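This report concerns only the one structure given below.
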Amino acid sequence: MKIASWNVNSLKVRMPHLEEWLALAKPDIVALQEIKMETKAFPAEALRALGYEAVASGQKTYNGVALLARTAPTDTVVDIPGFADEQRRVLAATVGDLRIVDLYVVNGQEVGSDKYRYKLDWLAAVADWLRDEIAKHPKLVVLGDFNIAPDDRDVHDPEAWHEQVLCSTPERAALKRMLDLGLHDSFRLKDDTPGQFSWWDYRQAAFRRNLGLRIDLVLVSEALRASVQSAGIDRVPRTWERPSDHAPVWVESG
DNA sequence: ATGGTTGTTGAACAA
């Protein structure tokens with residue numbers, strides 16, 4: 001069972017890349033972020049033709065998440081319980097015996113900004129929700145664009161990024177509160193080396209110079225931890241023409 | 001140098 005996450009930064013632009021990558025990587029479940037389209041525009045039929053059933057929660061211009069699986073996802077939730085939010089950033093569903101939660105975490109723009117405060121409030125609400133989800137569904141996978149680099153191994157230049165957004169102590173503490181529910185960063189179960197990134201800025205030839213951050217994560221619950229065979233980051237689509245700024249990340253379990 | 005690139009929408013915003 002291969003489970004992946006990819007921030008595609010516009011599914012309209014990146015649909016050819018998604019199709020190519022599905023054929024290459026053959027994932028069983030894929031969480032997408034930043035589809036940047038309304039739900040009604042989501043290409044469900046094209047994906048079905050490729051062997052994937054899909055659910056989406058989109059909006060005009062920004063955000064938007066979707067979940068693809070070999071069998072139809074059920075029991076879909078698109079709102080954080082008790083947290084009013086017009087932004088379409090979460091999608092939870094059941095696939096087989098797994099509960100999947102796809103997150104497009106708020107970016108936060110700059111430490112101390114209104115958007116940063118929204119990010120921390122949003123993360124707290126999601127953690128509260130996940131506490132209930134993991135109690136109901138022990139086999140839980142939480143994956144997506146977390147917009148947080150878990151620690152300095154995940155940052156190309158920790159000094160430059162020190163206490164900057166995506167790396168600040170309150171953001172990392174919010175992520176730790178999530179992990180403390182009994183979730184594990186699958187990549188770090190298999191690889192403790194620094195310099196393994198999932199996002200590179202479009203500017204300054206950042207990908208070519210590997211000036212990136214690891215901000216896309218696949219978290220697995222304790223019940224799934226021992227089943228993780230391998231985990232990784234697929235840099236290949238980032239080399240393609242007109243790429244997303246994020247690479248797909250994945251875990252193989254079972 | 002508060003820069004630079006990309007995407008959506010149509011000059012500004014978000015990342």
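Every chain is numbered from 1 and lettered A, B, ... according to where its sequence line falls, protein lines coming before strand lines. Owing to the predicted nature of the structure, the values given are computational and were not obtained by experimental measurement.
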> Hey, which of these two, A/S10 or A/R203, hits DNA chain B nearer its 5' end, going by closest nucleotide?
Replying inline: A/R203
> Given atom CD of A/Q59 and atom P of B/dC13, what is their separation to the nearest angstrom?
Replying inline: 17 Å
>> Taking B/dG4 as the reference, what is the distance to B/dA15 when you measure between their C1' atoms (whole Å, please)?
In response: 13 Å
> Parallel, tilted or perpendicular: which fits the ring planes of A/W199 and A/W161, with parallel below 30° and perpendicular above 60°?
Replying inline: perpendicular
> What nucleotide among B/dG4, B/dG7, B/dA15 has an atom nearest to a side-chain atom of A/Y62?
Replying inline: B/dG7
> Among A/L18, A/N7, A/L11, which one satisfies side chain to side chain contact (heavy atoms under 4.5 Å, CB included) with A/I35?
Replying inline: A/L11
> Quantified in whole Å, what is the P atom distance between nucleotide B/dG3 and nucleotide B/dA12?
Replying inline: 15 Å
> Given that A/Q87 and A/T61 both sit by DNA chain B, which one's nearest nucleotide is further toward the 5' end?
Replying inline: A/T61
> Who else is in A/V228's hydrophobic cluster (ILVMFWY, side-chain heavy atoms under 4.5 Å, direct or via others)?
Replying inline: A/M1, A/I3, A/I29, A/V55, A/V65, A/L67, A/V78, A/L91, A/V95, A/L98, A/I100, A/Y104, A/V141, A/L143, A/F187, A/L189, A/V218, A/V220, A/L224, A/I233, A/V249, A/V251
> Hey, is A/R89 close enough to A/D79 for a salt bridge, meaning N to O under 4.0 Å?
Replying inline: no
> When we call it a touch if two heavy atoms are under 4.0 Å apart, what does A/R89 touch: a base, just sugar-phosphate, or nothing?
Replying inline: sugar-phosphate
>> Can you tell me which nucleotide in B/dA15, B/dC13, B/dT6 comes closest to the side chain of A/Y202?
In response: B/dT6
> Contact class for A/Y104 (heavy atom, under 4.0 Å): base, sugar-phosphate, or nothing?
Replying inline: sugar-phosphate
> Side-chain N or O of A/K12 less than 4.0 angstrom from OP1 or OP2 on B/dG7?
Replying inline: no
> Are OP1 or OP2 of B/dT5 and a side-chain N or O of A/R242 less than 4.0 angstrom apart?
Replying inline: no
